[in-house]
Amino acid sequence: MTKSHWVGDVLSGSHDGSEVELKGWVHRSRGSNKIRFVVMRDSTGTVQCVIKRESVGDQVFDELAGALIESSVVLRGTVTPTDREHGHEVQVSSGEVIGPVSAERPFPITESAMAEADGGETEFLLDNRHLYLRTGRMTTMLKIRSSVFGAVHSYFRDRDFIEYQAPNFVAGAVEGGSTLFEVPYFGRKAYLTQSWQLYAEAAMPSLERLYTMAPSFRAEKSRTRRHLTEFWHAEMEIAWGGNADVMNHGEALVRSIAANLLDEREAELSELGRDLDLVSRYADTTYPRMRYDEAIETLQGMGVEVEWGQDLDYSKEKVLTQDFDVPHFLTHYPRIAKPFYHRPDPDDPKYVLCHDLLAPEGYGEIIGGGERTWSEKEILDRIDEEGTPREPYEFYIDIRRYGGVPHGGFGMGVDRVCAWLSGADHIRETIPFPRDSRRVTP
RNA sequence: GCCGACAUAGCUUAGUUGGUGGAGCGGUGGACUGUUAAUCCACAGGUCGCAGGUUCAAGUCCUGCUGUCGGCGCCA
C-alpha cells in the first residue's frame, strides 16, 4: 500500500516518459464530458492529470470526473513534459477514487475563503483548522517549521549538548504567578510549566551542556500577533558559562536556523513571499549588543517617555527596533526589573547579567536569557529582596548548596522565530493548532 | 484586566433616508475534446448571531447578551 511515486518527482522531470502510480487528493477538477483535468496534490506538490474518456473508458472516466475537491484518488499513467503551465502532466490510463467526498458535504474551504484570508486567518479558517492544514499555505509553513525545529536540534547536538526533559506538571512558577495555568491534581493544585529552566539547572551539574525543545504554557490574556498560551520553547543551560557565552550561543543558534532555512526551504520561503535577502542578512550578519542604559538613552533621544528602571514594553521595543535591520541584544537590565534568578553584575550590582534578543520587523523578543544567581548567599538575598517565599524554591536553592558553579542559559520562542523568518503576519500561522486565551478548539 | 471593531446562504460578501434580502465561489442538472480560480445555461440553498425595545413597517435605529477578530499591559 505504500507509495511508489511522488508528485514532486514528476514535477522535477525524474519520471518523464515513464509510467507512474500517483496517490493523493483532488486539488481542483475541471473539464468536459470527454476530457477531464484533475489537479492532484500530495505532500510534495500538485500536478495536472489528464483523463480522456476514450482512453480510460466510461466507467473510470465517470468515477474520476465525479471526484469532488479533496477526494483521495489513485491515478496511473504516463508522465509527459508539456509547454503548458505545470511543465509536466500525467496522461491517465486508469485510476479510482479511494475516499470520496459527498456532494451533501463538499470540502468547505473554497477559493473565496482562501482569497479573503490572504495568509491571515479568518474565524472560519480557525474553526476549520483541521481542514485548513492541507491547503498550500499551511503545508508550506509546516515544512518551514519542521526545518526550524530540525535546525535547533542539530545546533545543540552538533555541539555535544544533551537533550533533557523537565516535567510539565509543576508546583511553582518561573515567571509571575498570575500567568500560571492551574490544573487539579488529585485533590491538590498543580500548574503547567512555564519554562524548563529551573529543572534544567538541577541537571546542570550532571550534564553541563543541556537543551530541550518543549511546550511552555502561559495563561496570559495577550491578544497579539506574538503570543500563544501554549508555545514551543527551545531552552539551553550551560555550566561554567557566563552571560556572554550564553549570548554567543543564542546568536549562533538563530543564525544557523536562518542559514538552514535558506538551505532547505528556499522554495517555500519564496512561496510565502519572503524576501530571501533579508533571511540571508539574518544568517550572515553579527547581531549588535546594546546595554539597557544605552537603549534608554536612545529612546529618550527619540523623544520617548521612559524612565530608568522600567522594563521595556513592546511599544518601546518597537520604536527601538524599527531602525534595526538585524536582531539586537539588549543586556544589563536593572536588577529591579528582573526576577531573582538573574545574577547581579559584580561590577555594578544595580544591573543583572542578562540579555534579550529583539527581532527586527516588529516580531518582538525571541530570546531571553542570562547568567544565573549561583551562590547560596546571593540567591537567598535576592529571593528575600523580592519578597518571594523560599519554600517552593528549596530544591533550586539546594543546587547552590552543593557545589554551585557559574552557569546560565536562555529560552527561545520557536514559534516566534518561525513567524519572523517566514514573514508571517501572525504567530498563529506557524503552528498547526494555535492556542490562545479565547480558543482551544479544534 | 483594559480599549476598539465586527456578526447577512457552506464560504467571501452587496444591501442607499427603515418599505417583500442580491451576487461570486462551492453544490446539483445540462452543454462543451486542452482547461489553468475553465466557460456557458438552469436549479437548490437564508431564524440577516441571540433576546428585548422603538415603529404601520427593522438586515438597517436603540439597549442588553453571546461569539469572534484586532490592539494594550505581560512575555518567548
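Every chain is numbered from 1, with letters handed out A, B, ... down the list of sequences. Because the structure is a prediction, the values reported are computed rather than measured.
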For atom P, what is the distance between rA58(B) and rG19(B), given to the nearest Å?
11 Å
Are R289(A) and F329(A) in a cation-pi setup, meaning NZ or CZ lies under 6.0 angstrom from the ring centre and within 45 degrees of the ring axis?
yes
Using a 4.0 Å heavy-atom cut-off across all strands, classify R226(A) as base, sugar-phosphate, or nothing.
base
Separation of rC11(B) P from I109(A) CD1 (nearest whole Å):
11 Å
Looking at every strand, decide which applies to L126(A) at a 4.0 Å heavy-atom threshold: base, sugar-phosphate, or nothing.
sugar-phosphate
Can you figure out which of rC11(B), rC74(B), rG71(B) approaches the side chain of H227(A) most closely?
rC74(B)
Nearest-Å distance for atom pair CZ/P, residues R438(A) and rG1(B)
11 Å
d(CZ, F124(A); P, rG49(B)) in whole Å:
18 Å
Between rC43(B) and rU35(B), how far is it from one C1' atom to the other, in whole Å?
25 Å
Heavy atoms only, 4.0 Å cut-off, all strands: where does I367(A) land among base, sugar-phosphate and nothing?
sugar-phosphate
Report yes or no: do Y333(A) and H342(A) form a side-chain donor-acceptor pair below 3.5 Å?
no
With a 4.0 Å limit, can you tell me whether R428(A) has a side-chain N or O closer than that to the phosphate oxygens OP1/OP2 of rG70(B)?
yes
Taking E251(A) as the fixed residue, which of T286(A), V326(A), L357(A) is the one that meets the side-chain contact (heavy atoms from CB on, under 4.5 Å) rule?
T286(A)
Which value, in whole Å, describes the distance between the P atoms of nucleotides rU54(B) and rU12(B)?
35 Å
Pick the P atom in rG26(B) and in rC11(B), then give their distance to the nearest Å.
15 Å
Whether R226(A) engages the ring of Y314(A) as a cation-pi pair (distance to the six-membered ring centre under 6.0 angstrom, angle to the ring normal within 45°) should be assessed.
yes
Interatomic distance, E220(A) CD vs rC72(B) P [rounded to whole Å]
13 Å
Confirm from the modelled atom types if S222(A) and rC74(B) form a donor-acceptor pair under 3.5 Å, side chain to base only.
yes
Which base sits across from rA57(B) as a Watson-Crick or G-U pair, both distances under 3.5 Å?
none
Given atom CD of Q197(A) and atom C1' of rA76(B), what is their separation to the nearest angstrom?
13 Å
To the nearest angstrom, the CG-C1' distance between D127(A) and rC11(B) comes to 12 Å
Would you say a side-chain N or O of R439(A) is under 4.0 Å from OP1 or OP2 of rC69(B)?
yes
Per D313(A) side chain, nearest of listed nucleotides rC11(B), rA76(B), rG73(B)
rG73(B)
Residue met sooner reading RNA chain B from 5', once G368(A) and K316(A) are mapped to nucleotides
K316(A)
Walk me through it: do E235(A) and S195(A) pass the test side-chain hydrogen bond (donor to acceptor under 3.5 Å, both in side chains)?
CA-CA 8 Å; E235(A) 297 182 83; S195(A) 168; 2.7 Å; yes
Pairing partner of rC2(B) (Watson-Crick or G-U wobble, both distances under 3.5 Å):
rG71(B)
Inter-nucleotide C1' distance (rU28(B), rA9(B)), Å rounded
16 Å
Kindly say whether T331(A) contributes a backbone atom to a donor-acceptor pair with the side chain of Y351(A) at under 3.5 angstrom?
no
Take nucleotides 28-41 of chain B nucleotide by nucleotide from the 5' end and write B, S or -, depending on whether a protein heavy atom sits under 4.0 Å from the base, only from the sugar-phosphate, or from neither.
S---BBBBB-B---
Residue-level proximity of residues 9-26 of chain A to RNA chain B when a heavy atom falls under 4.0 Å:
none
Could you tell me how the ring of Y396(A) sits relative to the ring of Y393(A): parallel (under 30°), tilted (30 to 60°) or perpendicular (over 60°)?
perpendicular
Work out how far the P atom of rC62(B) is from that of rA7(B), and round it to whole angstrom.
13 Å
Write down the distance separating the C1' atoms in rC74(B) and rG1(B), rounded off to the nearest Å.
11 Å
Check every strand shown and say whether H27(A) touches a base, only sugar-phosphate, or nothing at a heavy-atom separation below 4.0 Å.
nothing
Does either side chain, that of R343(A) or that of T373(A), offer a donor lying less than 3.5 Å from an acceptor on the other one?
no
With R159(A) as the cation and Y155(A) as the aromatic partner, state whether NZ or CZ is under 6.0 Å from the six-membered ring centre and within 45° of the axis.
yes
For L125(A) and rC69(B), give me the distance from atom CG to atom P, rounded to whole Å.
12 Å
Counting side-chain heavy atoms from C-beta on, which of rC75(B), rC72(B), rG1(B) comes nearest to E317(A)?
rC75(B)
Could you tell me if Q194(A) and T179(A) have a donor-acceptor pair between their side chains, going purely by distance under 3.5 Å?
yes
From the set rG10(B), rU68(B), rA76(B), return the single nucleotide nearest to any side-chain atom of E123(A).
rU68(B)
Strictly by Watson-Crick or wobble contacts shorter than 3.5 Å, is anything paired with rU35(B), and which nucleotide is it?
none
What interatomic distance, in whole Å, is found between C1' of rA44(B) and the corresponding atom of rG49(B)?
25 Å
Below the 4.0 Å mark, does rG73(B) have OP1 or OP2 next to a side-chain nitrogen or oxygen of S315(A)?
yes
Using atom OH of Y333(A) as one end and atom C1' of rC75(B) as the other, report the distance to the nearest whole Å.
11 Å
Is it the case that R439(A) places NZ or CZ above or below the six-membered ring of F433(A), under 6.0 angstrom from the centre and within 45 degrees of the axis?
no
Base paired to rA42(B) (Watson-Crick or G-U; both N/O distances under 3.5 angstrom):
rU28(B)
For W232(A) and F149(A), I'd like to know if the aromatic rings sit close, meaning centre-to-centre distance below 6.0 Å.
yes
Suppose we call a contact any N or O donor and acceptor under 3.5 Å apart; does that hold for the side chain of R223(A) and the base of rC3(B)?
no
